[in-house]
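Single-structure report; data block below.
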Amino acid sequence: MHRIGLVSLCLFLVAVGCGEDQPQPGSGDPPSATSAVDSVEADRAASEVSEFVPGPLGAVEVAPGQEIQIRSLNTITGVTAFAGIPNQRGVELAIADYGPIAGRTVSLGTPLDDFCSSDGGQAAAQTVVADSTVVGVIGTTCSSSAAAAMPLISAAGMVMISPSNASPWLTSDMAGNVGSAYLPGYYRTCYNGLVQGRAVAAFVSDYLGFDRAATIHDGDAFTQGLAQSFADAFEELGGVLTAVAAVNKGDTDMIGVLTGVEPGSPQVVFLPIFMPEAGFIAQQIGGVSGLERVTLVGAAPLLVDNFMELPDSEGVFLSGPDLRYGSNRNSITGASASDFLAAYEAAYGEAPSTGFWAHAYDATIMLLRAIDRVLIEVDGTLYIDRQALREELHRTSFDGITGSITCDEYGDCGAQRIAVVEHTDSRDVEAGKNNVVFEYAP
Amino acid sequence: MDSFLWVVRIGAIVLLIWGVAGTVVQGLSGQGPTGEAWRDLVVAGIAQGAMYGLIALGYSMVYGVLGFINFAHGEVFMSGGMVGFFVANYLWEVGLWETNFVLAILLVLLSSILTSTLVAVIVERIAYRPLRASPRLIPLITSIGISFFLQYTFAGLFGVAVKNYPPPPESLRSRISLLGLEIEGSKLLVIVVAVATMVGLYLFVEKTRTGRSIRAVAEDKEIAALMGIDVNRTIVATFAVGGAMAGVAGTLWALLFRGVSFITGFLPGIKAFTAAVLGGIGNLPGAMAGGVLLGLFEGVGPQLVLAGFGIPGVSQLKDVVAFTALVLVLIFKPTGLFGERLSAEDRA
């Protein structure tokens, strides 16, 4: 019995190790979704063994007739729902494009909400880990939610791939030093916030030519981490950080915080915060003596319609993912950004309200592809080994809509490309999103 | 117990003086806010406080008449601001907002007042009147339930995103010179409208027949009924007037912050309740003064006191300052600054 188990494990490892037939990045015409899945079918045929022995983290067993369970954990209610709903829809469209795995449909179950908060992330994670049939999670939308969710997700042996967490604390400093909130099982297709911090610092210093800056964060892992990475990079470039201020989520009166920023006479204020607080700052900053002419620079959370439609957002610079995906195609499904956006509009009757839809799509394909590669079928039952899944995710390498998806040892898998746009007309939001004035890649 | 309270009182005064002294030292060394910044803080604090005062009037009036805290009053305020947004947006689309702002804002104000009044009256009729004979804890808990019900009704009807009012005209966004002070036009307008509304309410309660009825019912419902006052109608009038005040506050909120969402009423509602307690619950001038003082504490307090201790990011602590101010006032004067106004039954 023990010997059969060892043989099964060897067969499994060989099957996984031999999976080199994925499409090569930039290799001419995109493969069709069918051909991509067919190649994985060939891998799986080799993994059909007579007995399955789970690894140290256990395995998910999918009995005949059952669905493969994954979950979407994004901000889908409340005033920041605009940030998470496109993520969830990206997950749904990716599942539809990928199709069944080993003849089983992939189920999202009931969409979960991270409320863009620590307690929201933790509560949702408790729901996820209570269901041992869940293989992995696509989420969270917000870094603060991920930091609270990951201890539970990781301890349960599950995996989580975020399309939009940018906090450096969740992975590493990209120089080999692990982040304080990193836990095994965490991956992301979004860029690391350190890169965005450096990008904004370079933009302020080189493009705008300013040397005095202040930052305003809201105390959560993402905004604080991004403000800090900007500050570090800006000071390295010779700039002076005049103030580090903070607002509370839910604040409306920003006069106090802006008054606290004013004494240092900053030329630019970097706001890596969300709506609606950033909107209130843009609306009220003109009423604070000494800050009437200061330049505002926002981050990805403000590359959204409900900020850019504000007349007071005109003249604000916004940094975020470089959305110029051009002819990029997801090499597993063959979908391009324009294909995705057409499908999105057809399915939901509107365009995505934020810029991480493509990251959500790529994150979901990344997870489904890895499941496809590690599952083992024994007498019609599918087994997905949790340890093998993590290892497979670390080996990820394919072309996504967002660019090359390749993971480092701490789970940073996304293309690290940042663009800064200048928003000049609140009546033409799309023009603002495409008005790239600065781009950065490490 | 008394000696403990005196220790707390003296400790609070010492900390207050220490913080202010630290801020003064910072200012003298050129590190603190400029004179213009202090002016902006004071004006913003008074404007926000005036709004708290208007909402607090509703809390205080209902407490005076029925003896319970209507925690749904924040949502009454939100409902006015929310409907006002749709009217403002329509007026912006047809061009009236830009061509005749005075008429446009009056229409918005009217719609906001009507909505808040209607919501307040409906809530009284459906949720509170059937519970009038119940222990006070019952309508109190009901009001919390109504608060959530209204929030999520508005979220379901109009969505969860923040609704942004159109920008006010340039004249309101620029500064106006008043007694040598440069004050932002919109804040000055908010303060003037709030003060005028408060004075109007005071005269209404003191000088009109309905106002006298409200005071009589607040004093003793049974005696008032024996004197021929229709208690039910008077209670409805109380809710309606409180709702109208909240409706005015909804429009002023829009002038100040321009954004309204289904949770907009929550924190201002709590702050207004705090203001009502600060001034003396049941006392209308107390609610007005309590609101303005709370706004000032919240606006100026963090920079004036906490910055002196070298605490970073003090503006993040403005809610702490506001509620600490309440605790300190109650330590020194447990019935609020202007004293409670209780019914004969409560006094007994």
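Since the model is a prediction, treat every value here as computed from it, not as a measurement. Just so we're on the same page: letters track the sequence lines, and every chain starts at 1.
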[X], part contacting chain B, at a heavy-atom distance under 4.5 Å:
{"X": "A/Ile255", "result": "both"}
{"X": "A/Phe82", "result": "neither"}
{"X": "A/Ala245", "result": "neither"}
{"X": "A/Val247", "result": "backbone"}

Part of [X] lying under 4.5 Å from any heavy atom of chain A:
{"X": "B/Phe262", "result": "side chain"}
{"X": "B/Ala37", "result": "both"}
{"X": "B/Gln48", "result": "side chain"}

Would you check if there is a donor-acceptor pair between the side chains of [Y] and [X] at a distance under 3.5 Å?
{"X": "B/Arg39", "Y": "B/Thr34", "answer": "no"}
{"X": "A/Ser164", "Y": "A/Asn87", "answer": "yes"}
{"X": "B/Ser147", "Y": "B/Glu75", "answer": "yes"}

Who among [options] has the most heavy-atom pairs with chain B under 4.5 Å?
{"options": "A/Gly260, A/Pro276, A/Gly287", "value": "A/Gly287"}
{"options": "A/Thr77, A/Asp218, A/Asp312", "value": "A/Asp312"}
{"options": "A/Val261, A/Asn306, A/Asp253, A/Leu291", "value": "A/Asp253"}

First locate atom CZ of B/Phe85, then atom CG of B/Asn164, and finally report the distance between them rounded to the nearest 0.5 Å.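 The CZ atom of B/Phe85 sits 7.5 Å away from the CG atom of B/Asn164.
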
With chain A as the partner, which of B/Glu182, B/Arg173, B/Glu36 has the greatest number of non-hydrogen pairs under 4.5 Å?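 Between B/Glu182, B/Arg173, B/Glu36, the count favours B/Glu36.
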
Of A/Gln283, A/Met254, A/Gln284, which is the lone residue that meets side chain to side chain contact (heavy atoms under 4.5 Å, CB included) with B/Phe257?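 Looking at A/Gln283, A/Met254, A/Gln284, the match for B/Phe257 under the side chain to side chain contact (heavy atoms under 4.5 Å, CB included) is A/Gln284.
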
Any donor-acceptor pair under 3.5 Å linking the side chain of B/Thr23 with the backbone of B/Gly19?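 Answer holds: yes.
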
Does the ring of A/Phe274 carry A/Lys249 above it, NZ/CZ under 6.0 angstrom from centre and within 45° of its axis?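 So A/Lys249 does make the cation-pi contact.
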
Both conditions, 6.0 Å and 45 degrees, for the charged tip of A/Arg89 above the ring of A/Tyr348: are they met here?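 Satisfied, under 6.0 Å and within 45°.
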
